[in-house]
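These values consider heavy atoms only, across backbone and side chains, with no hydrogens, waters or symmetry-generated copies. Sequence positions, counted from 1, serve as the residue numbers for this chain.
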Amino acid sequence: MSVSINNNKDQQIAAVLVVGFHHAFGPIVEFCTPSPPQQKEQETLGKLELPEEWSFLPFLALPDGAHQKDEDFAYFHLPPVKGWSTAAETTLFGISYFYLKKDLLVKTPDVTRVIVQKAVVVLAKQPIFGPLKEKLAMTTAAWFNQRDFTNLGLLDVG
């Protein structure tokens with residue numbers, strides 16, 4: 001997404017995540033930058049453990065019934081997380097854009113279905129949904145159109 005995330009108090013974007021629907025676990029967080037506390041840096045998709053305060057985040061980002069739409073947005077807010085500098089101060093505002101894709105070029109072992117559904121999530125320090133909505137939709141669609149979820153370059157937030 002080419003948004004800069006750092007510890008600057010003026011920075012509005014606190015984190016970018018990917019939530020996917022796993023055939024055995026339901027919605028799970030597969031990627032997060034910056035990494036949550038006590039989580040090592042991650043370069044590929046896989047199940048991440050979130051702080052207890054955010055255990056419901058995957059269900060907010062990829063809500064029940066999302067599979068009935070090809071694409072849509074979800075909006076939510078999350079409580080602060082102690083020990084995570086980017087999320088420790090105040091409520092965070094989340095916007096997710098979920099999308100369906102068929103015919104992947106690169107299929108990881110966890111892809112067991114013909115259709116894959118994932119959401120790209122942006123957590124912001126202010127409710128700036130309007131400015132984020134169009135950029136999030138374009139970035140998510142471009143990431144899906146690569147047909148390779150292991151290539152996280154478009155979600156670059158460094």
Side-chain angles (χ1 to χ4, degrees), residues 1-3 5 12-36 39-79 81 84 86-87 91-124 127-158:
M1 259 175 82
S2 300
V3 290
I5 294 179
Q12 291 299 313
I13 306 301
V16 174
L17 303 93
V18 172
V19 173
F21 188 83
H22 189 277
H23 66 280
F25 302 115
I28 61 170
V29 173
E30 300 175 333
F31 175 79
C32 180
T33 186
S35 296
Q39 193 72 223
K40 65 181 181 174
E41 286 297 319
Q42 181 182 359
E43 294 183 18
T44 60
L45 298 176
K47 186 176 181 185
L48 285 181
E49 295 300 321
L50 292 175
E52 180 64 30
E53 298 93 335
W54 291 5
S55 60
F56 49 87
L57 183 149
F59 299 94
L60 296 171
L62 200 55
D64 191 29
H67 64 280
Q68 297 176 3
K69 296 183 177 185
D70 290 343
E71 57 186 303
D72 204 356
F73 290 92
Y75 305 90
F76 53 92
H77 64 275
L78 297 169
V81 175
W84 193 7
T86 60
T91 297
L92 291 179
F93 300 88
I95 179 173
S96 75
Y97 185 65
F98 50 90
Y99 207 82
L100 290 172
K101 189 65 178 175
K102 299 178 187 176
D103 305 324
L104 296 177
L105 292 175
V106 177
K107 289 187 179 182
T108 56
D110 65 313
V111 175
T112 60
R113 297 179 179 195
V114 174
I115 297 175
V116 176
Q117 186 171 39
K118 295 184 185 291
V120 176
V121 181
V122 175
L123 300 179
I128 54 173
F129 299 129
L132 288 176
K133 188 175 180 178
E134 186 175 334
K135 188 171 186 177
L136 180 58
M138 289 186 322
T139 302
T140 304
W143 185 54
F144 268 74
N145 286 334
Q146 295 180 120
R147 299 176 8 196
D148 177 2
F149 294 124
T150 62
N151 184 353
L152 298 168
L154 284 173
L155 304 179
D156 175 37
V157 292

Is there a side-chain contact between Tyr75 and Pro127, using heavy atoms and a 4.5 Å cut-off? no
Distance in Å, [X] [atom1] paired with [Y] [atom2], rounded so as to fall on 0.5 Å steps:
X	Y	atom1	atom2	result
Leu57	Ile28	CG	CD1	12.5 Å
Trp54	Glu49	CH2	CD	14.5 Å
Ile128	Ile95	CD1	CD1	9.5 Å
Thr139	Glu134	OG1	CD	10.0 Å

Considering all heavy atoms, the nearest [X]-[Y] contact:
X	Y	value
Gly20	Lys118	CA-CG, 3.9 Å
Ala61	Phe98	O-CD2, 3.7 Å
Phe129	Gly94	CE2-O, 3.3 Å
Leu60	Ala74	O-CB, 3.5 Å

Val121, Leu152, Leu17 screened by side chain to side chain contact (heavy atoms under 4.5 Å, CB included) with Phe31, the one that passes: Leu152
Only one of Leu123, Thr91, Leu50 passes side chain to side chain contact (heavy atoms under 4.5 Å, CB included) with Leu78; say which it is. Leu123
Over 60° means perpendicular and under 30° means parallel, so tell me whether His77 and Phe93 are parallel, tilted or perpendicular. tilted
Taking only residues two or more places apart in sequence, or in another chain, which ones meet Phe56 in a ring pair (Phe, Tyr, Trp, His ring centres under 6.0 Å)? none
Sorted by chain and residue number, the ring pair (Phe, Tyr, Trp, His ring centres under 6.0 Å) partners of Phe59 (sequence neighbours excluded) come out as none
Contacts of Ala142 that satisfy side-chain contact (heavy atoms from CB on, under 4.5 Å) - sequence neighbours left out: Leu154
